[in-house]
Every structure is written in C-alpha cells, then in structure tokens.
Amino acid sequence: LIVVYSGISAGPFVLSLMRMAGDAHMSIVGLLVCMSLPFLISAFLLSLRIPWFVPVVAFFKACSYGFCALAIVRAFGSAGFLVKFLFLFSDTLTLPVLYWFWLRQLSCSCGSLKKDLVTALGIVAVIVLLDHLLISPFLVNIIEF
C-alpha cells in the first residue's frame with residue numbers, strides 16, 4: 001500500500017527523472033551488477049545460515065520494482081504499459097529466476113547453493129545481454145519519436 005501511494009504520488013522531479021532515463025546510457029556491467037545483487041545478497045545470507053533475512057531482501061526488491069513500475073506508467077501516460085515493460089525488461093524476467101532460487105534454497109536441501117547461484121547468474125547474464133543488445137536500443141528509438 002505504501003509503494004502504491006508513493007508511486008502514484010511521485011512528484012514532477014521523480015517523473016522527469018523517469019522520462020530522462022531513456023536517454024541515459026546504461027553500461028552492461030552496471031546492469032549486470034544491479035540484476036545479480038539480490039542473488040548475491042541472498043546467497044551470502046544463506047551461506048551465513050540466516051535464511052529468515054531473505055524475506056527482507058524480497059520485500060525491498062518488490063517495493064523497488066513496484067515503485068519504478070508505477071512511476072514509469074505515470075510518467076509516460078497512455079504508453080506507460082509498453083515503456084514499463086521495456087524499461088523493466090531485465091527485472092521482469094529476473095524476478096521468476098530469483099523466486100526459483102529462493103524457493104529451491106529455502107524449501108529443500110536438494111541443490112547446492114553454489115550450483116544454483118551459478119545457474120541463476122548464468123540466466124541473469126543472458127537476460128542482461130538481451131536487454132543491452134536488443135531491448136534498450138529499441139526503447140531509445142521509441143522514446144526519441
């Protein structure tokens with residue numbers, strides 16, 4: 001509820017930042033770090049045997065995704081649904097992988113942490129590569145018109 005309210009009531013400063021984000025150049029390394037950070041934090045917490053802290057990571061990930069999605073939709077008006085998907089392409093495709101990683105590590109001891117982390121980070125790397133090479137240039141072309 002707080003995320004919805006903050007996303008809906010975002011001021012002109014936040015909305016103008018969302019509109020300018022399409023013109024900004026994002027490096028593939030920065031995008032890879034941003035997308036893999038929840039996995040690395042979760043793996044660190046699980047290796048320290050602190051699994052009860054993983055829901056805190058999930059909460060912050062969900063709040064940041066929800067806030068960004070609402071702010072983008074507000075900033076771009078009727079085209080917001082398309083721009084939101086393109087802006088949050090990596091996040092949208094990474095969330096199910098992150099959920100799989102958490103479920104696998106918290107529900108059973110059937111997989112090793114290192115093996116699951118390497119698998120998840122490999123999938124994230126492919127998603128980030130697709131975003132950087134295909135989706136981001138397409139988004140820039142759409143926003144320029």
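Note that these values count all heavy atoms, side chains included, but never hydrogens, waters or copies made by symmetry.
Counting only residues at least two apart or on different chains, the side chain to side chain donor-acceptor pair (under 3.5 Å) pairs with a member in residues 80-98 are Lys61-Asp91, Tyr65-Thr92, Ser90-Asp131.
Transitive grouping of hydrophobic side chains (ILVMFWY, heavy atoms separated by less than 4.5 Å) keeps Leu98 and Val118 in distinct clusters. In the hydrophobic cluster analysis, where Ile, Leu, Val, Met, Phe, Trp and Tyr join through side-chain heavy atoms closer than 4.5 angstrom, Phe53 is grouped together with Leu117. Hydrophobic clustering (side-chain heavy atoms under 4.5 Å, transitive across Ile, Leu, Val, Met, Phe, Trp, Tyr) keeps Tyr99 apart from Leu95. In this structure, Phe60 is a member of the same hydrophobic cluster as Val124, with clusters built from ILVMFWY side-chain heavy atoms closer than 4.5 Å. Residue Val73 is not grouped with residue Leu70 when hydrophobic side chains (ILVMFWY) are merged at heavy-atom distances under 4.5 angstrom, including chains of intermediate members.
In this structure, CG on Leu93 lies 5.0 Å from CD1 on Ile127, to the nearest 0.5 angstrom. Of the inter-residue distances, the one linking Leu129 atom CG with Ile28 atom CD1 reads 5.0 Å to the nearest 0.5 angstrom. From Gln105, atom CD reaches atom CG of Leu103 across 10.5 Å, with rounding to the nearest 0.5 Å.
When side chains are defined from C-beta on, Pro96 does not count as touching Trp100, because their heavy atoms never get closer than 4.5 Å. Using a 4.5 Å cut-off on side-chain heavy atoms (C-beta onward), Leu46 and Leu106 make contact.
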Please tabulate, for side-chain N and O atoms in residues 33-44, each donor-acceptor pair with protein atoms closer than 3.5 Å (sequence neighbours left out).
from	atom 1	to	atom 2	distance (Å)
Ser36	OG	Leu32	O	2.7
Ser36	OG	Val33	O	3.4
Ser42	OG	Pro38	O	2.7
Ser42	OG	Trp102	NE1	2.7

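Side chain of Thr119 to backbone of Lys115: a donor-acceptor contact under 3.5 angstrom is found.
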Chi angles and distances behind the side-chain contact (heavy atoms from CB on, under 4.5 Å) call for Cys63, Phe59
CA-CA 6 Å; Cys63 287; Phe59 175 76; 3.5 Å; yes
